[in-house]
Amino acid sequence: MTVVTTTDVRLANLLKVYASLRAKSPMTKRQLAQEVELTFASVSSICNQLVDLGLVRYVDESIFTGGRKAMAVSFASEFAYSLVLDMHHTDYIAMALVDLSNSIVKSRKAVVPEELTLESLMDCIRQCYLALVTDCTGKLYCVSVGVSAVYNEQSQILLQASNPLLERVNLAMHLHTVFPDLPILIENDANLAAFSQLDPLKPGKRDQLFVFFTQGIGLGLIIDGQLYRGSHGFAGELGHLKLTGVDRTCSKCGNVGCMRTVVPLTSIARDLGEIDILRRSGSLAYCDHLLMRANQEPEVVQRIDYTAQKIGEVLAELFDILNPEQIILGGNNWKLYPLMGNTIRQTCRRLSNLAREVDIQIQFVSEPINDLIFKGAGEKAFRYFIESCVPELPLVSF
Ligand SMILES: [Zn+2]
């Protein structure tokens with residue numbers, strides 16, 4: 001049996017008011033009391049407490065409520081920042097300062113050295129961080145990292161990393177050499193992409209999947225509003241799922257028919273003999289190049305359509321196994337979605353048994369991959385902030 005103390009209830013109410021102000025700000029105390037369904041007196045006392053902590057503030061610009069002026073309360077986004085670090089790509093790192101409202105305040109990218117070692121990678125992260133925080137001041141509360149690997153929370157070791165340098169590495173331990181006084185949160189990139197869609201301003205879908213395309217293919221599963229990782233963190237590894245009619249041998253696992261041999265942008269580039277163009281120009285510019293070729297060359301359209309069919313096949317299986325409210329697609333191939341969307345939807349509807357009963361929702365996110373990871377890592381950081389920091393906060397100045 002769980003014992004709920006008065007302190008627990010007080011803290012829960014404080015977090016409720018705080019989260020509500022994060023979603024909608026400014027609000028008068030009366031509006032706030034209605035929003036969180038607490039008495040005006042309790043809300044008023046909580047607001048004073050939050051103002052004392054510096055987490056919210058009273059604002060001068062009053063809000064008119066029925067013709068009468070009342071003091072409003074506003075969320076203090078700049079109270080503290082998370083440093084979000086996107087390590088999904090093997091060629092570069094990206095980092096950003098994200099405020100408590102999950103807005104990206106400043107970001108920066110750095111190409112990693114060619115002869116990469118863990119030491120030179122940490123040095124690259126340190127230099128990038130110093131350049132990022134030049135000319136700005138504030139307080140950090142954690143470092144939130146996205147990696148293209150399975151993260152085992154118990155052992156803190158990365159497995160099946162797309163960057164071989166990170167395989168079986170305790171990344172948090174290494175990052176502590178750069179950020180000795182900050183908590184380090186590590187998460188798989190597809191899970192962060194799923195987090196990025198949990199917008200506090202919109203009522204979230206309780207059961208949704210995010211299929212995330214990078215150099216590999218990941219799946220972020222939100223089940224009953226919670227991230228599902230599986231017992232060892234391996235849930236949602238789609239890259240090695242076996243597809244019908246695919247006879248290619250996977251260069252990573254040695255088996256035949258893995259999804260990663262025909263679906264990612266890399267596999268399209270390889271089939272069209274353009275892997276160097278993809279490497280040189282990056283995924284965004286390569287998609288533009290593909291779209292241009294697709295205008296004139298039917299075989300390019302066919303190759304892209306083949307990827308779309310295979311994605312549709314996998315989505316049909318995911319719908320039938322998990323019955324989500326929606327599946328969201330995003331990643332480095334987002335510019336191709338206008339070309340692939342119909343085939344993906346049609347194939348999925350044709351093959352899914354569930355489609356006979358319910359309308360299958362598939363959404364496409366047209367956003368650069370770094371922004372998705374920044375947003376997701378920022379959201380994860382904020383959850384950590386309210387779960388473990390408020391109201392006692394160990395902060396580090398920059
Ligand atoms: Zn494989």
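Just follow the structure's listing: the first ligand is 1, and inside any ligand the first atom is 1. Heads up: numbering here begins at 1 and tracks the sequence.
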For this session: Flag the pair R303 and E297 as a salt bridge only when some basic side-chain nitrogen lies within less than 4.0 angstrom of an acidic carboxylate oxygen.
Result: no

* To do: State whether E379 and R22 are salt-bridged, where the test is any N-O pair (Lys NZ or Arg NE/NH1/NH2 against Asp/Glu carboxylate O) under 4.0 Å.
  => yes

Joining Ile, Leu, Val, Met, Phe, Trp and Tyr whenever any side-chain heavy atoms lie under 4.5 Å apart, the cluster holding V150 also takes in I157, L159, F234

*Do L290 and E274 have side-chain heavy atoms sitting under 4.5 Å apart?*
yes

Measuring only between side-chain heavy atoms, which start at C-beta, is V211 closer than 4.5 Å to F213? yes

Rounding to 0.5 Å, atoms CZ (R260) and CZ (R248) come to a distance of 11.5 Å

Sorted by chain and number, protein N/O/S atoms nearer to the Zn ion (ligand 1) than 2.8 Å are H240 ND1, C250 SG, C253 SG, C258 SG

